[in-house]
Amino acid sequence: MRTASEHAKAIVKTTAPAIEKHGIEITTAMYKRLFQSEDVKAMFDQAAQESGEQPRRLAGAILAYAKNIDKLENLGPAVTRMVQRHVETGVKAEHYPYVAEALLPAIRDVLGADVATDEVLGAWGEAYWMLADILVAAEAEAYALAD
Ligand code: HEM
(Lines give C-alpha, C1' and ligand atoms only; values in the text may rest on other atoms or scores of the structure.)
Protein backbone atom coordinates (compact mmCIF):
# COMPACT_ATOMS: atom_id res chain seq x y z
CA MET A 1 0.00 0.00 0.00
CA ARG A 2 1.36 3.36 -1.01
CA THR A 3 0.75 6.30 1.32
CA ALA A 4 1.04 9.96 0.45
CA SER A 5 3.66 11.94 2.37
CA GLU A 6 2.49 14.48 4.96
CA HIS A 7 3.76 17.20 2.62
CA ALA A 8 1.66 15.86 -0.27
CA LYS A 9 -1.42 15.57 1.96
CA ALA A 10 -1.01 19.19 3.07
CA ILE A 11 -0.79 20.36 -0.56
CA VAL A 12 -3.85 18.33 -1.55
CA LYS A 13 -5.84 19.90 1.29
CA THR A 14 -4.91 23.40 0.16
CA THR A 15 -6.26 22.59 -3.32
CA ALA A 16 -9.71 21.59 -1.98
CA PRO A 17 -11.31 25.03 -2.64
CA ALA A 18 -10.10 24.98 -6.28
CA ILE A 19 -11.37 21.41 -6.65
CA GLU A 20 -14.69 22.46 -5.13
CA LYS A 21 -15.02 25.31 -7.59
CA HIS A 22 -13.87 23.45 -10.71
CA GLY A 23 -14.54 19.78 -9.86
CA ILE A 24 -17.09 19.09 -12.58
CA GLU A 25 -14.97 20.82 -15.22
CA ILE A 26 -12.02 18.68 -14.11
CA THR A 27 -13.90 15.38 -14.16
CA THR A 28 -15.57 16.23 -17.49
CA ALA A 29 -12.10 16.91 -18.96
CA MET A 30 -10.84 13.71 -17.32
CA TYR A 31 -13.51 11.53 -18.93
CA LYS A 32 -12.83 13.10 -22.32
CA ARG A 33 -9.23 11.95 -22.00
CA LEU A 34 -10.14 8.58 -20.48
CA PHE A 35 -12.60 7.72 -23.26
CA GLN A 36 -9.92 7.97 -25.90
CA SER A 37 -9.59 4.27 -25.07
CA GLU A 38 -12.70 2.56 -26.51
CA ASP A 39 -12.24 -0.44 -24.20
CA VAL A 40 -12.35 1.79 -21.12
CA LYS A 41 -15.24 3.82 -22.53
CA ALA A 42 -17.29 0.64 -22.98
CA MET A 43 -17.18 0.02 -19.20
CA PHE A 44 -19.22 3.15 -18.48
CA ASP A 45 -22.94 3.81 -18.69
CA GLN A 46 -22.95 6.58 -21.32
CA ALA A 47 -26.35 7.88 -20.18
CA ALA A 48 -24.79 8.71 -16.79
CA GLN A 49 -22.06 10.62 -18.66
CA GLU A 50 -24.42 12.60 -20.85
CA SER A 51 -26.67 13.56 -17.96
CA GLY A 52 -23.55 14.74 -16.12
CA GLU A 53 -24.32 12.32 -13.29
CA GLN A 54 -21.04 10.41 -13.37
CA PRO A 55 -18.76 13.50 -13.67
CA ARG A 56 -20.72 14.89 -10.70
CA ARG A 57 -20.24 11.71 -8.63
CA LEU A 58 -16.53 11.58 -9.36
CA ALA A 59 -16.07 15.29 -8.60
CA GLY A 60 -17.87 14.75 -5.27
CA ALA A 61 -15.63 11.80 -4.46
CA ILE A 62 -12.45 13.70 -5.32
CA LEU A 63 -13.50 16.71 -3.23
CA ALA A 64 -14.45 14.52 -0.25
CA TYR A 65 -11.08 12.84 -0.59
CA ALA A 66 -9.16 16.14 -0.74
CA LYS A 67 -10.93 17.35 2.40
CA ASN A 68 -10.49 14.08 4.32
CA ILE A 69 -7.07 12.92 3.18
CA ASP A 70 -5.84 13.10 6.80
CA LYS A 71 -8.95 11.36 8.21
CA LEU A 72 -9.81 8.65 5.72
CA GLU A 73 -12.15 6.90 8.15
CA ASN A 74 -14.70 9.61 7.20
CA LEU A 75 -14.79 8.17 3.69
CA GLY A 76 -15.87 4.64 4.69
CA PRO A 77 -19.37 4.49 3.15
CA ALA A 78 -18.25 6.34 0.00
CA VAL A 79 -15.40 3.88 -0.50
CA THR A 80 -17.78 0.93 -0.02
CA ARG A 81 -20.06 2.37 -2.71
CA MET A 82 -17.17 2.90 -5.18
CA VAL A 83 -15.90 -0.63 -4.59
CA GLN A 84 -19.39 -2.01 -5.21
CA ARG A 85 -19.78 -0.14 -8.53
CA HIS A 86 -16.27 -1.03 -9.60
CA VAL A 87 -16.84 -4.71 -8.96
CA GLU A 88 -20.18 -4.59 -10.81
CA THR A 89 -18.47 -3.02 -13.82
CA GLY A 90 -15.31 -5.15 -13.76
CA VAL A 91 -12.74 -2.53 -12.76
CA LYS A 92 -9.31 -4.12 -12.16
CA ALA A 93 -5.92 -2.89 -10.92
CA GLU A 94 -4.65 -2.59 -14.49
CA HIS A 95 -7.27 0.12 -15.23
CA TYR A 96 -6.02 2.53 -12.55
CA PRO A 97 -3.10 3.95 -14.57
CA TYR A 98 -5.57 5.05 -17.26
CA VAL A 99 -7.50 7.14 -14.76
CA ALA A 100 -4.29 8.61 -13.29
CA GLU A 101 -3.09 9.55 -16.77
CA ALA A 102 -6.43 11.21 -17.51
CA LEU A 103 -7.02 12.91 -14.14
CA LEU A 104 -3.67 14.59 -13.53
CA PRO A 105 -3.49 16.33 -16.94
CA ALA A 106 -7.18 17.29 -16.56
CA ILE A 107 -6.36 19.05 -13.28
CA ARG A 108 -3.63 21.01 -15.05
CA ASP A 109 -5.82 21.79 -18.07
CA VAL A 110 -8.58 23.24 -15.92
CA LEU A 111 -6.65 24.93 -13.09
CA GLY A 112 -3.75 26.04 -15.27
CA ALA A 113 -0.02 25.50 -14.74
CA ASP A 114 0.22 28.44 -12.31
CA VAL A 115 -2.09 26.73 -9.82
CA ALA A 116 -1.54 23.11 -10.81
CA THR A 117 2.23 23.33 -10.60
CA ASP A 118 4.48 20.29 -10.85
CA GLU A 119 4.50 20.16 -7.06
CA VAL A 120 0.69 20.18 -6.89
CA LEU A 121 0.38 17.48 -9.55
CA GLY A 122 3.05 15.44 -7.78
CA ALA A 123 1.06 15.68 -4.55
CA TRP A 124 -2.15 14.68 -6.34
CA GLY A 125 -0.28 11.78 -7.95
CA GLU A 126 0.73 10.51 -4.51
CA ALA A 127 -2.82 11.03 -3.23
CA TYR A 128 -4.33 9.25 -6.24
CA TRP A 129 -2.20 6.16 -5.78
CA MET A 130 -2.92 6.03 -2.06
CA LEU A 131 -6.68 5.92 -2.77
CA ALA A 132 -6.20 3.60 -5.75
CA ASP A 133 -4.34 1.09 -3.56
CA ILE A 134 -7.17 1.17 -0.99
CA LEU A 135 -9.77 0.59 -3.72
CA VAL A 136 -7.76 -2.12 -5.51
CA ALA A 137 -7.25 -4.04 -2.25
CA ALA A 138 -10.96 -3.85 -1.34
CA GLU A 139 -11.97 -4.80 -4.89
CA ALA A 140 -9.59 -7.78 -4.95
CA GLU A 141 -11.19 -8.97 -1.72
CA ALA A 142 -14.70 -8.57 -3.19
CA TYR A 143 -13.74 -10.48 -6.37
CA ALA A 144 -12.22 -13.27 -4.27
CA LEU A 145 -15.39 -13.52 -2.16
CA ALA A 146 -17.57 -13.65 -5.28
CA ASP A 147 -15.55 -16.58 -6.65
C1 HEM B 1 -8.96 6.49 -7.41
C2 HEM B 1 -9.62 6.24 -8.53
C3 HEM B 1 -11.12 6.20 -8.67
C4 HEM B 1 -12.10 6.89 -8.00
C5 HEM B 1 -11.93 7.92 -6.89
C6 HEM B 1 -13.38 6.46 -8.54
C7 HEM B 1 -14.62 6.92 -8.12
C8 HEM B 1 -15.85 6.45 -8.56
C9 HEM B 1 -17.13 6.88 -8.06
C10 HEM B 1 -17.35 7.93 -6.98
C11 HEM B 1 -18.08 6.19 -8.72
C12 HEM B 1 -19.60 6.32 -8.55
C13 HEM B 1 -20.09 5.36 -7.48
C14 HEM B 1 -21.59 5.50 -7.31
O15 HEM B 1 -22.33 4.98 -8.13
O16 HEM B 1 -22.00 6.17 -6.37
C17 HEM B 1 -17.39 5.31 -9.65
C18 HEM B 1 -18.02 4.47 -10.54
C19 HEM B 1 -17.37 3.85 -11.58
N20 HEM B 1 -16.01 3.81 -11.79
FE21 HEM B 1 -14.61 4.63 -10.63
N22 HEM B 1 -13.15 5.55 -9.53
C23 HEM B 1 -11.80 5.37 -9.64
C24 HEM B 1 -11.17 4.54 -10.53
C25 HEM B 1 -11.79 3.89 -11.57
C26 HEM B 1 -11.10 3.14 -12.61
C27 HEM B 1 -9.61 2.91 -12.68
C28 HEM B 1 -12.05 2.70 -13.48
C29 HEM B 1 -11.86 1.91 -14.77
C30 HEM B 1 -11.35 2.46 -15.81
C31 HEM B 1 -13.33 3.14 -12.96
C32 HEM B 1 -14.55 2.86 -13.53
C33 HEM B 1 -15.78 3.12 -12.95
C34 HEM B 1 -17.05 2.68 -13.53
C35 HEM B 1 -17.20 1.89 -14.84
C36 HEM B 1 -18.05 3.13 -12.67
C37 HEM B 1 -19.55 2.99 -12.85
C38 HEM B 1 -19.99 4.18 -13.65
C39 HEM B 1 -21.30 3.99 -14.35
O40 HEM B 1 -22.30 3.75 -13.67
O41 HEM B 1 -21.28 4.13 -15.59
N42 HEM B 1 -13.14 3.86 -11.81
N43 HEM B 1 -16.03 5.49 -9.53
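Sequential numbering from 1 along the given sequence is applied to the chain's residues. Just follow the structure's listing: the first ligand is 1, and inside any ligand the first atom is 1.
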OH (Tyr98) with more than 12 external heavy atoms under 6.0 Å:
no
Atom 34 (C) of ligand 1 sits nearest the protein heavy atom Phe44 CE2, 3.5 Å
Can you count the protein N/O/S atoms lying under 2.8 Å from atom 21 (Fe) of ligand 1, leaving waters out?
1
Counting only N and O atoms by type, is there a donor-acceptor contact under 3.5 Å from the side chain of Thr117 to the main-chain atoms of Asp114?
no
Can you tell me if Thr15 uses its side chain to pair, donor with acceptor, with the backbone of Ala18 under 3.5 Å?
no
Assess whether a salt bridge exists between Glu101 and Arg33, defined as any Lys/Arg side-chain N lying under 4.0 Å from an Asp/Glu carboxylate O.
no
Looking only at heavy atoms, what is the nearest atom pair of Asn74 and Pro77, with distance?
O-CD, 4.3 Å
Just heavy atoms, cut-off under 4.0 Å: does Asp45 contact ligand 1 by side chain, backbone, both, or neither?
both
Checking Gln46 side chain against Lys41 main chain: does a donor-acceptor pair fall under 3.5 Å?
yes
Taking the side chain as C-beta and beyond, is there a heavy-atom pair between Thr28 and Glu25 under 4.5 Å?
no
Numbering the atoms of ligand 1 from 1, which are under 4.0 Å from a heavy atom of Arg81?
14 (C), 15 (O), 16 (O)
Please state which protein non-hydrogen atom is closest to atom 12 (C) of ligand 1 and give its distance, to 0.1 Å?
Arg57 CD, 3.6 Å
Looking only at protein heavy atoms, which one is nearest to atom 5 (C) of ligand 1, and what is the separation?
Leu131 CD2, 3.7 Å
Contacts of Phe44 meeting ring-ring contact (aromatic ring centres under 6.0 Å, His included) (sequence neighbours excluded), chain-then-number -> Tyr31, Phe35
Does ligand 1 have an atom that lies less than 4.0 angstrom from a heavy atom of Tyr128?
yes
Salt bridge Asp133-Arg2, side-chain N to carboxylate O under 4.0 Å:
yes
Is it true that Arg108 and Asp118 make a salt bridge, defined as a side-chain N closer than 4.0 Å to a carboxylate O?
yes
Considering only heavy atoms, does Gln54 approach ligand 1 within less than 4.0 Å through its side chain, its backbone, both, or neither?
side chain
Would you tell me which option among Lys41, Glu139, Gln46, His95 has the nearest heavy-atom contact to atom 30 (C) of ligand 1?
His95
